[in-house]
Amino acid sequence: MSQNQPLVSVLVPICNVEKYLDECLSSLQNQTLKDIEIICINDGSTDSSLEIINGFASEDPRFVVIDKPNSGYGDSMLSLIHISEPTRH
(Lines give C-alpha, C1' and ligand atoms only; values in the text may rest on other atoms or scores of the structure.)
Protein backbone atom coordinates (compact mmCIF):
# COMPACT_ATOMS: atom_id res chain seq x y z
CA MET A 1 0.00 0.00 0.00
CA SER A 2 1.41 3.40 -0.94
CA GLN A 3 1.92 6.18 1.57
CA ASN A 4 -0.71 8.30 -0.18
CA GLN A 5 -3.38 5.64 -0.09
CA PRO A 6 -5.44 5.47 3.11
CA LEU A 7 -5.68 2.24 5.04
CA VAL A 8 -9.51 2.31 5.03
CA SER A 9 -12.09 3.85 2.68
CA VAL A 10 -15.51 4.54 4.18
CA LEU A 11 -18.25 4.76 1.55
CA VAL A 12 -21.23 6.98 2.36
CA PRO A 13 -24.13 7.07 -0.13
CA ILE A 14 -26.29 10.14 0.52
CA CYS A 15 -29.73 11.15 -0.74
CA ASN A 16 -31.93 13.61 1.15
CA VAL A 17 -30.75 12.71 4.65
CA GLU A 18 -29.99 16.17 6.05
CA LYS A 19 -31.72 15.26 9.33
CA TYR A 20 -29.16 12.51 10.09
CA LEU A 21 -26.11 13.55 8.09
CA ASP A 22 -24.30 15.75 10.61
CA GLU A 23 -24.40 12.99 13.23
CA CYS A 24 -23.20 10.40 10.70
CA LEU A 25 -20.32 12.46 9.35
CA SER A 26 -19.29 13.72 12.80
CA SER A 27 -19.06 10.11 13.96
CA LEU A 28 -16.80 9.25 11.03
CA GLN A 29 -14.69 12.35 11.55
CA ASN A 30 -14.13 11.45 15.21
CA GLN A 31 -13.01 7.86 14.66
CA THR A 32 -9.79 6.94 16.42
CA LEU A 33 -8.36 5.50 13.20
CA LYS A 34 -7.08 8.56 11.37
CA ASP A 35 -5.72 6.81 8.25
CA ILE A 36 -9.10 6.82 6.47
CA GLU A 37 -10.80 8.49 3.57
CA ILE A 38 -14.50 9.22 3.77
CA ILE A 39 -16.02 9.17 0.30
CA CYS A 40 -19.44 10.82 0.27
CA ILE A 41 -21.54 10.48 -2.86
CA ASN A 42 -24.47 12.82 -3.08
CA ASP A 43 -27.09 11.07 -5.19
CA GLY A 44 -29.10 14.06 -6.37
CA SER A 45 -30.24 15.32 -2.96
CA THR A 46 -32.77 18.15 -3.07
CA ASP A 47 -32.34 19.06 0.61
CA SER A 48 -29.22 20.57 2.23
CA SER A 49 -27.26 17.30 2.25
CA LEU A 50 -24.69 18.54 -0.29
CA GLU A 51 -24.02 21.71 1.71
CA ILE A 52 -23.49 19.64 4.87
CA ILE A 53 -21.05 17.31 3.07
CA ASN A 54 -19.15 20.26 1.59
CA GLY A 55 -18.89 21.79 5.07
CA PHE A 56 -17.14 18.70 6.41
CA ALA A 57 -14.91 18.47 3.33
CA SER A 58 -13.80 22.09 3.70
CA GLU A 59 -12.62 21.38 7.25
CA ASP A 60 -11.20 17.87 6.88
CA PRO A 61 -9.18 16.66 3.87
CA ARG A 62 -10.15 13.03 4.56
CA PHE A 63 -13.62 13.80 3.14
CA VAL A 64 -14.07 13.32 -0.60
CA VAL A 65 -17.27 14.69 -2.16
CA ILE A 66 -18.86 13.34 -5.30
CA ASP A 67 -22.04 15.01 -6.54
CA LYS A 68 -24.11 13.34 -9.23
CA PRO A 69 -27.69 13.21 -10.50
CA ASN A 70 -29.95 10.72 -8.74
CA SER A 71 -29.54 7.20 -10.06
CA GLY A 72 -30.36 5.09 -7.01
CA TYR A 73 -28.56 3.35 -4.18
CA GLY A 74 -27.14 0.47 -6.21
CA ASP A 75 -25.58 2.69 -8.87
CA SER A 76 -24.16 5.00 -6.21
CA MET A 77 -22.54 2.13 -4.33
CA LEU A 78 -21.01 0.72 -7.52
CA SER A 79 -19.57 4.16 -8.28
CA LEU A 80 -18.12 4.35 -4.77
CA ILE A 81 -16.59 0.89 -4.97
CA HIS A 82 -14.87 1.71 -8.26
CA ILE A 83 -13.54 4.99 -6.88
CA SER A 84 -12.23 3.45 -3.65
CA GLU A 85 -10.60 0.34 -5.14
CA PRO A 86 -6.82 0.51 -5.12
CA THR A 87 -5.04 0.11 -8.42
CA ARG A 88 -3.82 -3.44 -8.74
CA HIS A 89 -0.69 -4.24 -10.75
Side-chain angles (χ1 to χ4, degrees):
M1 196 167 292
S2 76
Q3 289 181 330
N4 295 332
Q5 189 173 351
L7 182 61
V8 174
S9 296
V10 179
L11 311 178
V12 187
I14 298 163
C15 187
N16 295 328
V17 291
E18 65 185 2
K19 182 176 178 182
Y20 311 102
L21 195 51
D22 188 68
E23 181 180 359
C24 171
L25 299 181
S26 291
S27 175
L28 291 169
Q29 188 175 44
N30 294 321
Q31 292 299 306
T32 56
L33 177 63
K34 299 301 181 190
D35 190 14
I36 63 173
E37 68 178 341
I38 303 156
I39 304 173
C40 302
I41 188 161
N42 182 54
D43 190 27
S45 293
T46 57
D47 63 3
S48 65
S49 292
L50 182 58
E51 289 79 21
I52 295 168
I53 304 164
N54 284 333
F56 276 85
S58 70
E59 297 172 4
D60 189 332
R62 297 175 299 163
F63 283 85
V64 176
V65 179
I66 299 165
D67 185 32
K68 67 176 198 61
N70 182 272
S71 62
Y73 176 80
D75 182 66
S76 293
M77 289 305 292
L78 285 174
S79 297
L80 286 169
I81 289 168
H82 291 298
I83 290 165
S84 67
E85 284 182 338
T87 304
R88 291 172 175 54
H89 297 281

Once rounded to the nearest 0.5 Å, what's the spacing between atom [atom1] of [X] and atom [atom2] of [Y]?
X   : Y   : atom1 : atom2 : result
S48 : D22 : OG    : CG    : 10.0 Å
D35 : Q5  : CG    : CD    : 9.5 Å
L78 : Y73 : CG    : OH    : 10.0 Å
I38 : D60 : CD1   : CG    : 6.0 Å
D47 : I52 : CG    : CD1   : 7.0 Å

Looking at every non-hydrogen atom in both residues, tell me the closest pair between [X] and [Y] and how far apart they are.
X   : Y   : value
C40 : I53 : CB-CG2, 3.6 Å
I36 : L33 : CG2-CD2, 3.6 Å
S45 : C15 : OG-CA, 3.2 Å

Side-chain heavy atoms of [X] within contact of [Y], under 4.5 Å:
X   : Y   : answer
F63 : N54 : no
D75 : K68 : yes
R62 : K34 : yes
V65 : N42 : no

Could you tell me whether the side chain of S26 and the main chain of E23 form a donor-acceptor pair under 3.5 Å?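 The answer is no, because no donor-acceptor pair under 3.5 Å joins these two groups.
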Checking side-chain polar atoms at under 3.5 Å, does E37 have a donor or acceptor matched by the opposite partner on S9?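 Yes, a side-chain donor-acceptor pair sits under 3.5 Å.
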By the definition side chain to side chain contact (heavy atoms under 4.5 Å, CB included), identify the one residue from V17, D43, D67 that meets it with S49.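 The passing option is V17.
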Let me check something: do F56 and V8 share a hydrophobic cluster, defined by ILVMFWY side-chain heavy atoms less than 4.5 Å apart, either directly or through other members?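 Yes.
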